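Below you'll find the structure, written out as structure tokens, and then a few comments.
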Protein chains: 2
Amino acid sequence: MKSHKSDDTPHQEQLFIDPLIHVPTRFRILSNLYLVGWVDFLFLRNLTGLTKGNLSSHLIKLEEAGYVLIKKEFVNKISRTTISLSDSGREAFNLYRKNMKIMLDEIPE
Amino acid sequence: MKSHKSDDTPHQEQLFIDPLIHVPTRFRILSNLYLVGWVDFLFLRNLTGLTKGNLSSHLIKLEEAGYVLIKKEFVNKISRTTISLSDSGREAFNLYRKNMKIMLDEIPE
DNA sequence: GATTTCTGGTTTGCGACACAAACCGATTTG
DNA sequence: CAAATCGGTTTGTGTCGCAAACCAGAAATC
């Protein structure tokens, strides 16, 4: 019979844990965005406690993955960036949480 | 009154997600060790699918944290390393899983 | 017995990454 | 007008995860 990876943990081989979301900083960003609609950059910085440089570089990564939408506009001649979770970002976030729970529960306590 | 980090998510600020365990490779090592007693290096390599170099460097980190016990011996003049999860490693692993679940469940779906 | 190959594990080099300070262009303040 | 502040981006650096290269010793081959 063809040799397999261990058959009694079929999920373990198949579970995809999104490394983009698995980084605690990005998880935190996404979980804040999950609860609000559009939020501006400075407010998100305050919510997450990140530095501007840090937040900016993570948002770029999340935007590149299509997980967030970034809108830039000028309000009274002042630059203003707002961020929102995209539909695919919301799905990815829920899938991450689902798969993580499965992974965590596979091992008895 | 002294300003606080957001009072409506008290857990989020206090939850400790152990970065040592949060790395998927190390989580995998620990979850395999969780289920068996002492396991030898090569068998653990087979269970986890890691390269020898990768497994070795992660085991060193886990040993430095006191999460695993490493025993080296000679069997028929051949080097043999066996690894086991320590009591504090077991506790840390369970705490990691508990805190991760809380973090994952804090946000509604 | 000498040489070559294999073994069990360690060490090393490198590409990728997370982070925050430095920076930029524009606005506000004195 | 100069200096300070603002909203955000860019950059440099330290750390990290990974697997190939390496090591010492045993086994296999000649």
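The figures here come from the full heavy-atom set of this structure, side chains too, leaving out hydrogens, waters and symmetry mates. The structure displayed is predicted, hence computed values, not measured ones.
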Separation of C:dG9 atom P from B:Leu50 atom CG, nearest Å, is 15 Å

Looking at A:Leu50, A:Leu59, A:Thr82, A:Val36, which hits side-chain contact (heavy atoms from CB on, under 4.5 Å) with A:Leu44? A:Leu59

For A:Leu42, answer base if it contacts any base atom (sugar-phosphate contacts may also be present), sugar-phosphate if it contacts only those atoms, and nothing otherwise; contact means non-hydrogen atoms under 4.0 Å. sugar-phosphate

Grab the CZ-P distance between B:Phe27 and D:dG17 for me, whole Å please. 16 Å

N-O pairing of A:Arg97 and B:Asp105 below 4.0 Å: no

Can you check whether B:Ser57 has a side-chain N or O nearer than 4.0 Å to OP1 or OP2 of D:dG17? no

Round to the nearest Å and state the distance from B:Arg28 atom CZ to D:dG17 atom P. 16 Å

Atom CD1 of B:Ile78 and atom P of D:dA28: how far apart are they, to the nearest Å? 9 Å

Reckon B:Thr51 touches a base, only the sugar-phosphate, or nothing at all at heavy-atom distances under 4.0 Å? base

Whole Å only: how far is the NZ atom of A:Lys61 from the P atom of D:dT9? 14 Å

Is B:Lys77 touching bases, backbone alone, or none of the nucleic acid, heavy atoms closer than 4.0 Å? sugar-phosphate

Is the phosphate of C:dC17 approached by A:His58 (side-chain N or O, under 4.0 Å from OP1 or OP2)? no

Within the structure shown, what part of the strands sits under 4.0 Å from A:Arg26 by heavy-atom distance: base, sugar-phosphate, or nothing? sugar-phosphate

Testing the 3.5 Å rule here: is there a donor-acceptor pair between the side chains of A:Tyr67 and A:Asp87? no

Would a line drawn from the ring center of B:Tyr96 to the ring center of B:Phe16 be shorter than 6.0 Å? no

